[in-house]
Amino acid sequence: MHRYVFKRILLLIPIMLAVSFVVYFIVDLAPGDDIDAIYGNELTAEQKDELREELGYNDPLVIRYARYMGKLLTGDMGTSSFYHEPVMKLYFSKFPATLNLAFWGIIVALLIAIPLGIIAAVHQNTLIDSASMILGLLGMSMPNFWFGLMLIILFSLTLGWLPSFGNESWTSVILPAVTVGVGQAALLIRTTRSSMLEVIRQDYLRTVRAKGVNERTVIYHHALRNALIPIITAAGTQLGIALGGSVVVESVFAWPGVGKLTIDAFNTRDTTLVVGCLILTTAFSSILMMLIDIIYAFVDPRIKARYMN
Amino acid sequence: MAEELVLDIKDLVVRYDTDAGSVKAVNGINLKLRRKRSIGLVGETGAGKTTTALAILNLVPEPAGVIKNGSILVDGKNILAMSESELQKTRGKGVSMIFQDPMTALNPVFTVGEQIAESIRIHEGVSEKEAMRRAVEMLEIVGIAANRVNDYPHQLSGGMKQRVVIAIALACRAKLLIADEPTTALDVTIQAQVLELIRSYREKYDTAMLLITHDLGIVAESCDEVAVMYAGNIVEYGTLEDVFNQTKHPYTEGLFNSLPNIIERRSKLTPIPGMVPDPTELPEGCVFAERCAYATDECGKTVQADQWLSDTHMVRCSRYCEPDFNIIRRIKT
């Protein structure tokens, strides 16, 4: 098992190299650079070219990439041309809030999706099934910003129970987490339902019932455990996306996350910050996927056995 | 009644309602089983044997499967009228079942020890630890080393999985054991061991057994009575002696004739001609008439009634009443 975990960690290295190169390459293709962004009209075109030559901007892509990665290894991801602060520092000032929101968001999503999905599967093709599917569809079709605003109107303005913006107290995360979670739940309900439907017809559940086990245990203990892998995969993917931050939700709730930081970096042509944000976000997503691979082994002994050999 | 009936099935009718029509799986069968005794339920695939067995546990797969009629008394109590919680108490404790396919009968994500211990914990009200200790005991009884208790099903061979399935069924010493082709998935060499295992266990705990099989040899070895099933009907019923040596139904005869002949190795197998009738459209009269060598025009039209030849021997064939009617047996058993 340790060897398997170690192997998965090693695998992160080529993934990160490939992803960072693609990011660096694509951002490089975009017109304009941070010299334009910083100096704009202050310097003449010749002066800017001189500066580029001096700073090595005209070197071949591969060399610039290698230089960037070399610095990255020492923890230096460059300085934002817009904020005049290190990219690392900027990103990590926002990342905890994003992580917090992503975590509670997926918890909300799972709390909604797993019971609804199971109920839908157990009562397949009945009114209950259709009702949970419609609820799921509703969650998917409601735009995030609209749903977030509705929550603010109800819980902040009318009832005055919860704060509507910022990240000052632990209650601040509730409304944004519900907004994110309801959106994610829609897909997870469907995944849970179809995965449970597949398991629910298996012979081994008949064996369990023949032992005299009550229906609740049959479904939540024996069936759910077998249906969990696709659910974990889907939830992990959604969590990975959430780690990149959500511009919409962050804007609606004035949530200080990395989504807005990334988009603003694009808008201000802050290429160093763009590259940094994208690389760090993919790094965290990759680590998350690795953790999910490891979780698989604990859920399903057959997967564990395959990795042991 | 002096005799203690462990199982009493009366006029059981089970249908599977599908888009293609109503599948008439079990069509009014009667079956009585006394304490310590065993009945072999014999018939081809699709004859309704497994459906009958599942009905005894009230586990006919819903929503397609519907028990339309009849009653199933286990120890005097009607299974079909029980509440869900009464059913849960009966399953595993009153009636337990050995399932047919060991490859799919075990939950892949729990250890075999956990799966055996589960029924002990439910029915015996013992602690988790005690249940596990008894699960290990059960494993040893079925011939699996105690150190395999924490293995998952995928780590065991087919034969070992079948033994685990048996251990689950035997764990709570149920009064009635339903064994649905317990040896079909096993090597011939292991078959005998498994049958012997079940036999000694039954002797020890006075367990009655309903053995489902299509192997007449196994029936001869481990049953007191035989019920021959065809297209959802019991066409012949009696003691081993009645059915094996005084065969009265042409279908039973066909089953015997289609056995390989060990004495005359070169003789060809004699299969029963034709096919099992479509269970959505069973014939009006005798269900076997189409394939029966003795059938008259009358057979296909009249519904067959149970004819009792003696206290123990029943046959569902109207031609039997004719004075000059005789069954021809190709080989002697």
Side-chain angles (χ1 to χ4, degrees), chain A residues 1 118-130 192 195-233 294-309, chain B residues 50 53-54 56-64 84-112 114-124 150-155 161 164-165 167-169 171-172 174 177-178 180:
Chain A
M1 197 59 207
I118 290 175
I119 290 170
V122 171
H123 302 276
Q124 191 195 3
N125 299 334
T126 64
L127 207 65
I128 302 172
D129 184 15
S130 320
T192 308
S195 183
M196 281 297 284
L197 277 179
E198 215 167 282
V199 172
I200 239 164
R201 310 250 175 276
Q202 297 289 326
D203 279 354
Y204 51 77
L205 292 190
R206 197 173 61 187
T207 313
V208 176
R209 288 197 181 97
K211 283 193 261 185
V213 174
N214 66 55
E215 197 57 25
R216 229 189 129 70
T217 313
V218 172
I219 298 298
Y220 283 89
H221 189 58
H222 288 271
L224 182 59
R225 179 83 184 268
N226 278 283
L228 224 44
I229 295 283
I231 301 173
I232 292 174
T233 311
I294 293 169
I295 291 173
Y296 284 164
F298 285 97
V299 172
D300 193 331
R302 286 165 297 181
I303 295 178
K304 194 171 183 172
R306 215 178 303 150
Y307 293 140
M308 296 289 241
N309 304 325
Chain B
T50 301
L54 289 176
I56 299 172
L57 287 162
N58 205 346
L59 277 179
V60 175
E62 288 172 350
E84 193 58 35
S85 73
E86 282 176 298
L87 270 176
Q88 281 159 15
K89 280 188 195 114
T90 307
R91 290 174 186 154
K93 182 73 184 165
V95 191
S96 66
M97 181 158 171
I98 299 170
F99 288 94
Q100 193 172 5
D101 184 359
M103 295 305 172
T104 58
L106 295 171
N107 191 336
V109 300
F110 293 109
T111 65
V112 294
E114 285 169 330
Q115 298 192 50
I116 300 170
E118 187 171 31
S119 53
I120 300 173
R121 214 183 58 235
I122 294 169
H123 295 294
E124 314 277 315
N150 291 323
D151 278 10
Y152 290 94
H154 72 264
Q155 291 166 288
K161 274 186 223 174
V164 172
V165 172
I168 291 173
C172 291
L177 176 68
I178 303 168
D180 188 0

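Predicted, not measured: the structure shown is a model, and the values here were computed from it. Every chain is numbered from 1 and lettered A, B, ... according to where its sequence line falls, protein lines coming before strand lines. Worth knowing before you read on, the calculation uses all heavy atoms, side chains too, and leaves out hydrogens, waters and symmetry mates.
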Side chains of Arg225(A) and Phe110(B), heavy atoms from C-beta outward: is any pair under 4.5 Å? yes
Sub-4.5 Å side-chain heavy-atom contact between Ile219(A) and Met196(A):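 Side chain of Ile219(A) against side chain of Met196(A), heavy atoms only: contact under 4.5 Å found.
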Tell me, out of Asp300(A), Val199(A), Asn125(A), Asn214(A), who's got the most heavy-atom pairs with chain B below 4.5 Å.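 With the most close heavy-atom pairs to chain B, the winner is Asn214(A).
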Is it the side chain or the backbone of Val208(A) that comes within 4.5 Å of chain B heavy atoms, both, or neither?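 Looking at Val208(A), just its side chain touches chain B.
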Under 3.5 Å, is there a donor-acceptor pair between the Asn107(B) and His222(A) side chains? yes
Asn150(B) and Thr111(B): side-chain donor and acceptor closer than 3.5 Å?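 Side-chain D/A pair, Asn150(B) to Thr111(B): absent.
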Arg302(A) charged N/C atom sitting above Tyr152(B) aromatic ring, 6.0 Å / 45°: no
What part of [X] lies closer than 4.5 angstrom to a heavy atom of chain A: side chain, backbone, both or neither?
X: Leu106(B); result: backbone
X: Gln155(B); result: neither
X: Ile178(B); result: neither

Does atom CD (Glu198(A)) have a neighbourhood of more than 12 heavy atoms from anything else shown, all under 6.0 Å?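 Check fails, neighbour count at 12 or below.
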So which residue, Pro108(B), Ala169(B), Ser85(B), Ser119(B), ends up with the most heavy-atom pairs under 4.5 Å with chain A?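 Heavy-atom pairs under 4.5 Å are most numerous for Pro108(B).
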Only pairs of heavy atoms separated by less than 4.5 Å count here; which of Val165(B), Leu87(B), Ile122(B), Val95(B) has the most with chain A?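 If we count pairs closer than 4.5 Å to chain A, Ile122(B) comes out on top.
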